[in-house]
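Atoms within a ligand are numbered from 1 in the order they appear, just like the ligands themselves. Heavy atoms only: backbone and side chains are in, while hydrogens, waters and symmetry mates are out. What you are looking at is a predicted structure, and each value in this text was computed from that prediction instead of being measured.
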Amino acid sequence: MKLRLVAFGILFGLFSCKSSNDNKDNLSTSSPDGKLNVELNLNASGEPYYTVKSNNKTIIDTSYFGFEFTNAKPIKDNLKVIHVKTDSYSETWEMPWGEQRLVENNYKFIEVDFEETVAPNRKFSVVFKVYNDGIGFRYEFPEQENWVEALIKDEHTQFNLTEDYKTFWIPGDWDIYEHLYSTTKLSEIDARSYIPKTNLAQSYIPENAVNTPVTMVGKDGTHLSFHEAALVDYSGMTLKVDSLNLSLKSNLVGSENTEYKVKRSLPFNTPWRTIQITENAPDLINSNLIVNLNEPNKLGDVSWFKPMKYTGVWWEMHLGKSSWDYGMEMVEGKWTDTGKAHGKHGATTENVKNFIDFSAKNNIGGVLVEGWNTGWERWIGFEDREGVFDFVTTYPDYDLDEVTSYAKEKGVEIIMHHETSAATQTYEKQQDTAYALMQKYGMHAVKSGYVGKIIPKGEYHHGQYMVNQYNNAAIKAAEYEVAVNAHEPIKATGLRRTYPNIISREGLRGQEFNAWSGDGGNPPEHLSIVAFTRMLAGPIDFTPGIFNIKFDEYREDNQVNTTIAQQLALYVVIYGPVQMAADLVEHYEANPEPLQFIKDVGVDWEESIVLNGEIGDFVTIARKERETGNWFIGGITDENARDIEVDFSFLEDNQNYEARIYKDGKDAHWDNNPLDIDIANYDVNVTSKLKIHLAQGGGFAISLHKK
Ligand code: NOJ
Ligand code: CA
């Protein structure tokens with residue numbers, strides 16, 4: 001019966017929908033379980049505000065909202081309520097790929113329509129959806145006489161908090177999210193004095209603001225995370241910090257080229273402003289609020305994209321073993337081989353074949369090839385980047401025909417790479433040709449990159465212009481059955497539900513910083529914060545799996561700051577439908593035992609359960625592979641060693657599993673002894689419990705195969 005209901009829900013989208021009312025005196029609604037409550041109101045000047053309570057405790061106190069425009073008076077006061085609608089909704093929908101297959105989407109909502117009591121009597125609405133694990137709200141601007149276009153100078157949405165929360169934040173950079181998280185009290189956030197110790201190709205932090213998701217923990221264990229959902233044709237939102245009043249306020253990313261930050265024709269809706277509200281840290285990860293607030297799949301069947309692990313010509317460039325560029329010269333506007341090849345070029349036919357062989361042997365579906373196309377000689381640091389990269393012309397030592405047919409023979413897919421160098425017009429012009437080339441060769445995934453300051457000058461990575469660039473590229477790619485994994489992206493806001501070819505993205509300090517950053521790389525606590533901040537937004541292309549932790553033969557001053565067991569754990573802890581096995585083939589071949597885990601681990605999940613965790617300290621996640629029903633578990637810790645008990649009560653009854661456990665060795669330590677790993681087999685079932693010791697900067701990974 002349950003199964004049939006589920007099928008019905010997917011088909012028809014709707015389980016229940018209670019009818020609306022029009023009671024203008026009661027502007028409130030609650031979550032389906034009654035624990036969260038939202039109330040709206042107007043003050044004596046007709047200014048609208050809202051409050052949020054959780055278990056009767058005020059989480060968001062009187063918080064006003066409104067808009068400023070460059071072509072009209074602000075909308076903020078002299079408003080009256082003209083209509084109210086409340087409703088509830090319940091459905092179960094299916095993810096084509098994901099951290100779980102079925103997603104429940106249950107909420108109550110309230111829509112309040114406002115109108116100005118004075119000329120020009122403009123109208124707008126606010127809609128709140130209240131879930132058991134948080135809220136989302138957005139503004140809707142209906143079609144109306146005398147108002148055709150909104151030039152938004154800024155959106156003023158307040159989030160007035162009632163406690164000086166412990167906050168995990170990155171600065172409100174308009175250009176990049178690749179910063180280390182700081183942990184401070186809300187009142188102590190100081191984003192302007194945050195100076196990255198690493199040279200970033202782009203960075204602009206104009207205000208004391210933070211980027212989202214920003215996550216907080218209260219004294220009574222309340223967990224909050226602020227973000228946004230369905231960021232479409234609008235600017236990214238940073239949150240400005242008012243330390244004195246313990247308040248956050250929306251501060252949209254702007255442009256140097258226009259006075260307004262967003263330009264929209266009416267009718268339009270803003271993205272959803274979201275607050276996840278849970279009683280513990282694991283439930284933040286368990287929450288589906290962000291994807292649920294996005295519209296259903298508009299692409300239909302995307303089975304041409306298969307979630308996969310991949311290797312690639314990548315880490316070797318970051319280590320300096322090989323290079324992206326070949327050593328060509330620009331002659332009369334054309335990249336030409338003038339005999340200056342330096343011999344370090346990485347993307348050669350031979351090297352790629354080596355990765356293909358390795359992937360084929362190790363149950364890894366893809367090979368990423370960076371540096372295959374002309375243009376890399378004029379990349380980072382060059383002002384003039386339009387017309388430089390070309391997304392169809394290979395370097396002379398890379399034979400696309402040969403490589404793709406060899407890969408096909410071996411059952412491996414080549415992953416395309418498009419480094420746009422943030423020269424957006426060059427990329428836009430070539431997209432059709434570039435994606436058509438991929439289609440011709442049967443390539444279904446592209447990693448794109450946007451390193452450097454945006455051209456046209458004056459635009460920022462997170463403003464409306466770029467939001468449209470990223471979204472339009474993905475929508476166009478879908479026409480060619482191409483899925484996109486963007487680096488230097490706009491943040492994830494759950495659009496993968498609507499466009500399931502948006503598979504993954506960077507948008508954080510990834511593994512690459514361990515190869516070259518001048519600030520010691522990612523500290524051991526990094527990913528135990530990321531799991532509860534950046535990861536709440538959506539899939540991450542972190543590129544785990546570095547076995548040669550110290551890589552002294554390449555860079556003596558850099559290293560990965562985790563144990564090898566933690567590198568394995570990341571395949572389960574960090575979710576993404578494409579997961580790189582990032583290290584060099586020779587480093588894997590030298591370590592066949594831990595490699596077995598990468599070979600076995602799944603990448604597409606029926607179900608995920610966060611077993612335990614505290615933000616910035618540790619986290620353990622179990623995931624069940626869709627195809628096989630095998631389970632995989634990953635656990636990581638910060639710079640502190642700790643003992644974790646894994647309770648296997650989530651396993652199926654009456655089923656025995658062979659568990660292979662990869663854990664830190666007795667003397668393991670992220671810095672002194674990162675390669676010490678213990679690998680052992682156990683029989684487990686639903687009644688089993690297992691104590692595991694995690695070293696400083698360590699972790700563990702478990703594969704559970706049905707017996
Ligand atoms: C930055 C990306 O994060 C990295 O993965 C890539 O190798 C380089 N850009 C080159 O595109
Ligand atoms: Ca990057």
Distance filter under 4.0 Å to Glu419 heavy atoms, resulting ligand 1 atoms = 9 (N), 10 (C), 11 (O)

Using a distance-only test with no angle check, is there a side-chain donor-acceptor pair under 3.5 angstrom linking Trp670 and Glu639?
-> no

Partner residues of Ala565 under the side-chain contact (heavy atoms from CB on, under 4.5 Å) criterion, sequence neighbours left out | Thr563, Asp664, Ile677

Trp376 to ligand 1, any heavy atom closer than 4.0 Å = yes

So which of Tyr177, Phe542, Tyr181, Phe513 actually passes side-chain contact (heavy atoms from CB on, under 4.5 Å) with Leu508?
-> Phe542

Below 4.0 Å from any atom of ligand 1, is there a heavy atom belonging to Lys447?
-> yes

Answer with yes or no whether the side chains of Glu402 and Thr349 bring together a donor and an acceptor at under 3.5 Å.
-> no

At a 4.0 Å threshold, what atoms of ligand 1 neighbour a non-hydrogen atom of His417?
-> 11 (O)

Any chance the side chains of Lys309 and Gln579 put a donor and an acceptor closer than 3.5 Å?
-> no

Considering Glu506, His418, Glu370, which one's heavy-atom position lies nearest to atom 10 (C) of ligand 1?
-> Glu370

Using a heavy-atom cut-off of under 4.0 Å, does the side chain or the backbone of Tyr450 touch ligand 1, or both, or neither?
-> neither

Just checking, is any N or O donor in the side chain of Thr374 or Thr393 under 3.5 Å from an acceptor N or O on the other one?
-> no

Give yes or no for whether the N/O distance cutoff of 3.5 Å, strictly under, is met between Glu178 and ligand 1.
-> no

For ligand 1, which atoms have a heavy atom of His487 less than 4.0 angstrom away?
-> 2 (C), 3 (O), 5 (O)

Which of the numbered atoms in ligand 1 are below 4.0 angstrom from a heavy atom of Val451?
-> 1 (C), 9 (N)

Side chains of Tyr465 and Thr424, donor plus acceptor under 3.5 Å | yes

With Asn558, which residues qualify under side-chain contact (heavy atoms from CB on, under 4.5 Å), at least two apart?
-> Phe551, Arg555

Give yes if a backbone or side-chain nitrogen or oxygen of Trp379 is under 3.5 Å from a nitrogen or oxygen of ligand 1, and no if not.
-> no

What atoms in ligand 1 come closer than 4.0 Å to a heavy atom of Glu512?
-> 1 (C), 2 (C), 3 (O), 4 (C), 5 (O)

Check Met317 against ligand 1 and report side chain, backbone, both or neither, counting heavy atoms closer than 4.0 Å.
-> neither

Using a distance-only test with no angle check, is there a side-chain donor-acceptor pair under 3.5 angstrom linking Asp541 and Tyr310?
-> yes

Below 4.0 angstrom from a heavy atom of Glu488, which ligand 1 atoms are there? Numbered from 1 as shown, please.
-> 1 (C), 2 (C), 3 (O)

